[in-house]
4 protein chains.
Amino acid sequence: MRKKNQEKKENIKQAVIKLILEAGFHGASIAKIAREAGVSPATVYIYYASKDDMLREIYEEYADQVYFYILGKIDQNMSGRSLIDTLVRSYYRYINEEERVFHFVEQFSSCPSLSANCRETEGCFRIFQFFDDLKEKGILKDIDNVIVHSILFNTVKCIRLRYEGEQDKTQAALEQLIELLVETLLL
Amino acid sequence: MRKKNQEKKENIKQAVIKLILEAGFHGASIAKIAREAGVSPATVYIYYASKDDMLREIYEEYADQVYFYILGKIDQNMSGRSLIDTLVRSYYRYINEEERVFHFVEQFSSCPSLSANCRETEGCFRIFQFFDDLKEKGILKDIDNVIVHSILFNTVKCIRLRYEGEQDKTQAALEQLIELLVETLLL
Amino acid sequence: MRKKNQEKKENIKQAVIKLILEAGFHGASIAKIAREAGVSPATVYIYYASKDDMLREIYEEYADQVYFYILGKIDQNMSGRSLIDTLVRSYYRYINEEERVFHFVEQFSSCPSLSANCRETEGCFRIFQFFDDLKEKGILKDIDNVIVHSILFNTVKCIRLRYEGEQDKTQAALEQLIELLVETLLL
Amino acid sequence: MRKKNQEKKENIKQAVIKLILEAGFHGASIAKIAREAGVSPATVYIYYASKDDMLREIYEEYADQVYFYILGKIDQNMSGRSLIDTLVRSYYRYINEEERVFHFVEQFSSCPSLSANCRETEGCFRIFQFFDDLKEKGILKDIDNVIVHSILFNTVKCIRLRYEGEQDKTQAALEQLIELLVETLLL
DNA sequence: CATGAATGAGCGTTCATTCAT
DNA sequence: TATGAATGAACGCTCATTCAT
């Protein structure tokens, strides 16, 4: 017998992410995904039970990634300002480096009929824990994690989307944002 | 007959919004939309050139709505604090009152392959103008509008989605948010 | 709007019967049926809700036909012998004249997973009533209708299938059968 | 190892029969058969050249079985009445005992596109020979074997199918049938 | 011998759209 | 204007079969 070829599965994942980025969920049919991945449509069903399962599994795999990426950049001894700076800039860097994955996750999570059945992500839990630690250490003000999270990351996301390609504007906005967050969030 | 026509078109719009809320874009086929709206599939093509056109047109009509709603609640003589309070609470109220429209717009705008071809919305332009006015009047700090917008509204949206149904938590978070924004945004 | 074209529906029915006769249920796919009927696959679904529905509906339409055909040949004043002769020979004639329909019905009814959901046929009810009448009139012995039915018709069917094409053998067997049934069934 | 092979082949056969009984030919794909039999799809092709071959081979193996079963119940010294009684009742018993096999054979043989290529069964030949013997011995009337066969067995089959589960009706019908056949078939 | 992976072709069905009235 | 009929293309998925081990 042949071993399951994990390269094939990876090709399928990348094909899904690429096609959804280019043409939305609507443009990512099994046939197109298979063609892009260089496999037969039937092969997709060796690795995933259904298209929904496939999308969910891929989503759950990547939904966390950004948070682990960010937390990996954090150093225990960082000052408050450094922390804010790192959180903001590494989030921004992640969007740039993993653009396709980022957009896939965004689209997926904004579609209730898709993400409804997905388990709450581990990564989000971790970042909230991280916020709680900072509060205990007297670095972060006692603000609802949902607010902290949105102010930190959604804002970066908006800047990145609005000023796409405009390096100067983006950098200026990020710097202003960091300054603002330092004053707002830190004790 | 002018009346009847517009009634049919309105039925189609509402059908689109309802179906997309219930089942996502995937669940909103022309046939289903027509059935829901009580018209023939062919009738849809009297009012819209294609499905893409239809979605775009409906999106562009509603994408603005939230901003006009909010701006309608603003009074010229409000203090800075009142302004923040009103902006936050009326945005929250809009989500509740126009849940279906809100979700439709959200889903649509998070899908690049759909919203890419849509014109920049009038409403967003107006709210940015409004921010500029406040800055001129010395009420608002000189912060990038993209940041102001995101901090004000995305945060409310996140609170609303996270604490869905939990009235107490939602209200507490909104109050904390207002307090935080007053300090952060106002001069 | 266009009127539903009953000719198309008839073409579909005939295509189903033809294909199933030639290649069994296995060989009668929607695509082949549509091609044979000169319509688009999608058109089939205008006339039938699903393939199962289609087969069932066509079956229910034709399952009765043989009985109405036979009963149409019966005359009230016939003697017992004439009745047997007519029943046997008209059943045989029906198989020959409506060979395709006959085989379709046979195949369908012998497949439990298909015919399980079909309503008991009107035609079979009528023929049983006819047997009851003959018993009341003192023409037919008091034998279970299921037995009468099987002895009369299944036997003809077996003769026809076994001696296919062999006219002499078939006719001889039918005559012998009639003689035998006259003695066995009549008072 | 000879033993193991045959065990696998037997598992496959039983799986085919089970699945066809439960869901018809349509529900018996190679994948499902293999799963049910506890082997790999590829293994099926070690024992059979193709799916059609497999079905035909299994059919040919079991098509005879009922006749050998019946003939095994016959005793040389039986009276005419005993013979009829035994033939009818053992056919009925076979249907009950080997329900799955019986239905498989029934379905298969009623589908011309499947059974067309099957060789005439040995078992049927034997039973016809048996009838011929009885005629020579002056027990059975000189009636066409096709007629004898149908009257004897198809009738039992119809009774069994019609009165499924209704023990009293079934037994009464069988007794009436035996009485009728004694008069009709015996000299 | 036996396997699970792999496949192109085909399945039943629905799609967005157009046709004829 | 408005319709239900009609369609070719595409959908997600399963098929019988073969491949590589």
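None of the values given here were measured: they were computed from a predicted structure. The sequence lines fix the lettering, A, B, ..., with proteins before strands; numbering per chain opens at 1.
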Annotated structure of DNA chain F as dot-bracket, pair cut-off 3.5 Å, Watson-Crick or G-U only, | for inter-strand, is .||||||||||||||||||||
Could you walk me through whether E22(B) and K32(B) pass salt bridge (Lys or Arg N to Asp or Glu O under 4.0 Å), step by step? CA-CA 12 Å; E22(B) 286 172 2; K32(B) 287 177 189 166; over 6 Å; no
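For D64(A) against G123(A), the heavy-atom pair with the smallest separation is OD1-N, 3.0 Å.
For the pair I30(A) and G27(D), both in contact range of DNA chain F, the more 5′-proximal nearest nucleotide belongs to I30(A). For K32(B) and V44(D), each mapped to the nucleotide of DNA chain E holding its nearest heavy atom, the one lying further toward the 5' end belongs to V44(D).
Of the N and O atoms on the side chains of E10(C) and Q14(C), at least one donor lies less than 3.5 Å from an acceptor on the other residue.
For the pair Y47(A) OH and dG4(E) P, the interatomic distance rounds to 14 Å; values are reported in whole Å. Rounding to whole angstrom units, NZ of residue K9(B) and P of dA2(F) are separated by 12 Å. Here dG12(E) presents its C1' atom at 12 Å from CG of L55(C), a figure rounded to the nearest Å. Taking atom NE2 of H26(D) as the reference point, atom C1' of dG12(E) lies 9 Å away to the nearest angstrom. At whole-Å resolution of the value, NZ in K51(A) and C1' in dT14(F) are 17 Å apart. Put simply, CG on N5(C) is 13 Å from P on dA20(E), counting in whole angstrom units. For the pair I46(A) CD1 and dC15(F) C1', the interatomic distance rounds to 13 Å; values are reported in whole Å. At whole-Å resolution of the value, CD1 in I33(B) and P in dC15(E) are 10 Å apart.
The CD atom of E57(C) sits 10.5 Å away from the CD1 atom of I12(C) when rounded to the nearest 0.5 Å. Note: F104(A) CZ to I17(A) CD1 = 6.0 Å, rounded to the nearest 0.5 Å.
The aromatic rings of F102(C) and Y94(C) stand perpendicular to each other, their planes meeting at an angle above 60°, with 30° marking the opposite boundary.
Put simply, the residue from L19(A), V16(A), L55(A) that forms a side chain to side chain contact (heavy atoms under 4.5 Å, CB included) with F25(A) is L55(A).
Contact check of residues 35-43 of chain D against DNA chain F (heavy atom, cut-off under 4.0 Å) returns A42(D).
Under the 3.5 Å distance criterion, the side-chain polar atoms of Y47(C) are matched with a main-chain donor or acceptor of N5(C).
At least one cation-pi condition fails for K13(A) and Y48(A): the charged atom is not both under 6.0 angstrom from the six-membered ring centre and inside a 45 degree cone around its axis.
Here the nucleotide nearest the side chain of K8(B), chosen from dT13(E), dT3(F), dC1(E), is dT3(F).
Contact annotation: S29(C) reaches the phosphate of dC11(E) (side-chain N/O to OP1 or OP2, under 4.0 Å).
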